[in-house]
Amino acid sequence: MIHGNKKAINPAKTGTKVAVHYTKIIPAKQSISIKLRLSRSQLKAPFEDYDQIFEDRKKEANEFYADKYAVDGNDEEKMVQRQAWAGILWNKQYYNYDVNAWLKGDVGLPKPANERACGRNYHWSHFMANDIILMPDKWEYPWFAAWDLAFHCIALAPVDPDFAKQQLRLLLNNSYIHPNGQLPAYEWDFTDANPPVHALASYKVYLVDKKIKGTGDLKFLEEVFQRLLLNFTWWVNQKDSEGNNIFEGGFLGLDNIGVFNRSEPVPGGGFLEQADGTSWMAMYALNMLQISIELALQNRLYEDMAIKFAQHFLFIAGSIDNMGDHHIGLWDDHDGFYYDLLRNPNGDWDRLRLRSLVGLIPMFAVIVFSDKDWKDLPRLRSHLEAFMLQRPDLVQLVSHWADKSGNDKHLFSLLRGHRMKMLLRRMLDTTEFLSDFGIRSVSKIYEEHPYSYWLNGSDYSVKYIPAESDTGMFGGNSNWRGPIWMPLNYLLVESIKHFHEYYTDDFRVEYPTGSNEYFSLNEIADLLGKRMKNLFLKNEKGERAVFGDYPKLNHDEHFKDYILYYEYFNGENGEGLGASHQTGWTALIALL
């Protein structure tokens with residue numbers, strides 16, 4: 001290989017690298033197969049059982065996935081489901097990043113420029129990764145992202161719950177989490193804030209693992225809970241500038257969805273009180289309450305933590321409705337929607353009436369627990385009953401959590417039935433959020449009538465853009481101003497199912513809005529899931545929406561049945577956009 005120089009080979013004939021070199025002429029549209037087998041000793045007939053080994057491995061894989069498929073799924077659905085799982089298993093990547101070593105430079109090599117000492121992630125000199133990690137997309141994004149990884153674990157749990165648990169532990173260990181409690185966001189800026197979905201993912205993975213093995217891994221749940229306490233405290237201390245339980249958060253993973261670039265200060269000063277930042281924190285408090293309840297049923301010491309998070313949730317709910325002395329909240333009764341508030345330097349407030357996923361995120365703050373658990377935790381029950389008497393103003397803002405439904409279920413939620421129906425009226429409207437393929441990230445109404453907001457003589461406008469971004473905001477490499485994104489659609493479906501657990505089939509909502517047809521919340525969740533599945537399943541033309549109008553991808557035998565799990569999807573026709581090969585969180589489709 002090396003110009004015929006046999007001396008270029010290690011004379012000791014040892015080492016870790018080997019190359020096998022073949023020269024073949026392969027005619028166009030033809031193929032050849034080369035069979036290789038490694039062995040410590042020379043085999044008499046190395047290829048005698050070669051083909052059988054492959055058949056055995058395929059048979060085992062088929063048997064493994066047979067237990068994972070949806071019971072009522074057809075062959076097409078099973079194929080999409082299996083490829084989503086196989087893809088996320090393939091999406092593992094070795095990741096090595098030692099911030100301290102990078103800042104100082106390599107031993108024995110020239111010292112880096114002085115600017116590096118205050119360069120990217122210099123506040124994270126403790127950070128040291130040397131791990132196999134589930135990547136957002138190992139082709140385009142070969143690094144971890146905190147909230148992506150949480151969704152990866154949810155998607156992966158049915159096929160490998162142990163690795164899912166290991167990944168959830170990863171960001172919480174001392175080599176990753178900051179001493180102040182912040183989780184690293186992603187490589188180009190650890191200090192950004194991703195939505196706090198780690199507690200949600202931990203509890204979901206715990207439940208899947210418990211279902212598979214028959215016993216819940218309480219040690220895992222306790223371990224992550226203790227570490228999440230640090231992170232929850234960081235959010236409270238760092239992202240609530242006024243100490244009023246209204247959270248700013250920043251861009252929170254939704255890139256260009258806002259009127260302003262939320263990763264930068266508001267133009268002209270002021271603060272953006274975010275409906276999504278505050279709702280994510282309400283959800284976080286409920287997730288921690290849920291974990292506390294599970295642990296308290298085994299160890300009563302955790303009952304105090306359940307009380308703490310229940311009360312914290314109620315304070316957040318109160319702030320969402322009425323911020324201090326200003327008597328203004330994030331909910332708009334007239335529009336039936338949640339909006340961000342801009343707090344100007346002069347003390348004035350302004351409601352940014354942009355209808356986007358930001359205003360639907362309050363639906364995520366919902367948990368359901370059984371009447372038995374409620375009765376088995378008397379201190380939690382008595383404290384909350386006393387709280388009802390002390391702060392009826394807060395209690396009336398949220399669901400009737402002290403009342404049980406006909407299913408013997410209790411509901412903790414930011415939304416009572418009336419507000420939820422008002423939100424769903426917008427969300428299930430085909431002229432606003434409801435697409436043939438899921439829920440759009442921004443209302444379609446802004447296609448013809450863009451939202452405009454004037455500030456300091458400048459016009460900040462948002463238009464419904466169903467595909468690629470038309471702005472360079474936050475890099476311009478993704479778009480939250482119209483397309484369909486799988487993780488938030490998944491959470492919407494899950495939240496609606498939780499509401500159904502409490503409200504049962506008696507609670508019915510018009511779907512789609514204006515159709516005069518009414519369905520239970522569970523039926524609506526299934527119908528939304530069906531729309532999302534239509535991204536990948538063949539239509540009446542034998543084509544998949546995800547492939548757009550590409551004939552080769554849709555009809556060529558070598559392409560048509562190999563799914564690409566894109567980063568996000570066109571809000572009008574479902575065509576795949578962004579990172580294409582195997583975007584980890586899009587594997588959530590396997591759970592639908």
Classify the side-chain pair Thr471/Asn256 by whether it contains a donor and acceptor separated by less than 3.5 Å.
-> no
If you round to the nearest 0.5 Å, how far is OG of Ser292 from CG of Leu286?
-> 11.0 Å
Counting only N and O atoms by type, is there a donor-acceptor contact under 3.5 Å from the side chain of Glu567 to the main-chain atoms of Ser580?
-> no
Just say parallel, tilted or perpendicular for the rings of Phe364 and Trp280, cut-offs at 30° and 60°.
-> tilted
Between Tyr95 and Glu187: side-chain donor-acceptor atoms closer than 3.5 Å = yes
Between the side chains of Tyr97 and Asp131, does any donor sit under 3.5 Å from an acceptor?
-> no
So, the side chain of Tyr451 versus the backbone of Arg353: is there a donor-acceptor pair under 3.5 Å, distance only?
-> yes
Could you walk me through whether Trp143 and Tyr141 pass the ring-ring contact (aromatic ring centres under 6.0 Å, His included) check?
-> CA-CA 6 Å; Trp143 34 256; Tyr141 301 125; 5.4 Å; yes
Would you say the side chains of Asn346 and Asp348 form a donor-acceptor pair under 3.5 Å?
-> yes
Does CH2 in Trp139 sit with more than 12 non-hydrogen atoms of other residues, nucleotides or ligands closer than 6.0 Å?
-> no
Counting N and O atoms only, with roles assigned by atom type, does the side chain of His178 sit under 3.5 Å from a partner on the main chain of Leu183, one being a donor and the other an acceptor?
-> no
Kindly check if the number of other-residue, nucleotide or ligand heavy atoms within 6.0 Å of NE2 (His126) is above 12?
-> yes
Mark yes or no: Lys533 above the aromatic ring of Phe437, with NZ or CZ under 6.0 Å from the six-membered ring centre and no more than 45 degrees from the axis.
-> no
Does a donor on one side chain and an acceptor on the other come within less than 3.5 Å for Tyr453 and Asp350?
-> yes
Name the orientation class of the two ring planes belonging to Phe127 and Phe190 (parallel below 30°, tilted from 30 to 60°, perpendicular beyond 60°).
-> tilted
Test item: side-chain donor near acceptor, Tyr565 and Asp137, under 3.5 Å | no
Under 6.0 Å between ring centres, would you say that holds for Phe232 and Phe309?
-> yes
Are Arg425 and Asp335 ion-paired here, with the side-chain N under 4.0 Å from a carboxylate O?
-> no
Nearest heavy atoms of Cys153 and Val205, plus distance in Å = O-CG2, 3.6 Å
Ring centres under 6.0 angstrom apart (Tyr460, Phe260) | yes
Find out whether the Lys NZ or Arg CZ of Arg116 is both under 6.0 angstrom from the six-membered ring centre of Trp102 and within 45° of the ring's axis.
-> yes
Please report the shortest heavy-atom distance between Gly571 and Ser435, naming the atom on each side.
-> O-OG, 2.9 Å
Indicate yes or no: does Arg440 engage Glu432 in a salt bridge with an N to O separation below 4.0 Å.
-> no
Does a donor on one side chain and an acceptor on the other come within less than 3.5 Å for Asp192 and Tyr186?
-> yes
Give a yes or no on whether the ring-centroid distance for Phe337 and Tyr339 is below 6.0 angstrom.
-> yes
Classify the side-chain pair Asp189/Thr191 by whether it contains a donor and acceptor separated by less than 3.5 Å.
-> yes
Spell out, as yes or no, whether a donor-acceptor pair under 3.5 Å connects the side chain of Ser356 to the backbone of Val442.
-> no
Do Tyr338 and Asp276 have side-chain atoms, one donor and one acceptor, less than 3.5 Å apart?
-> no
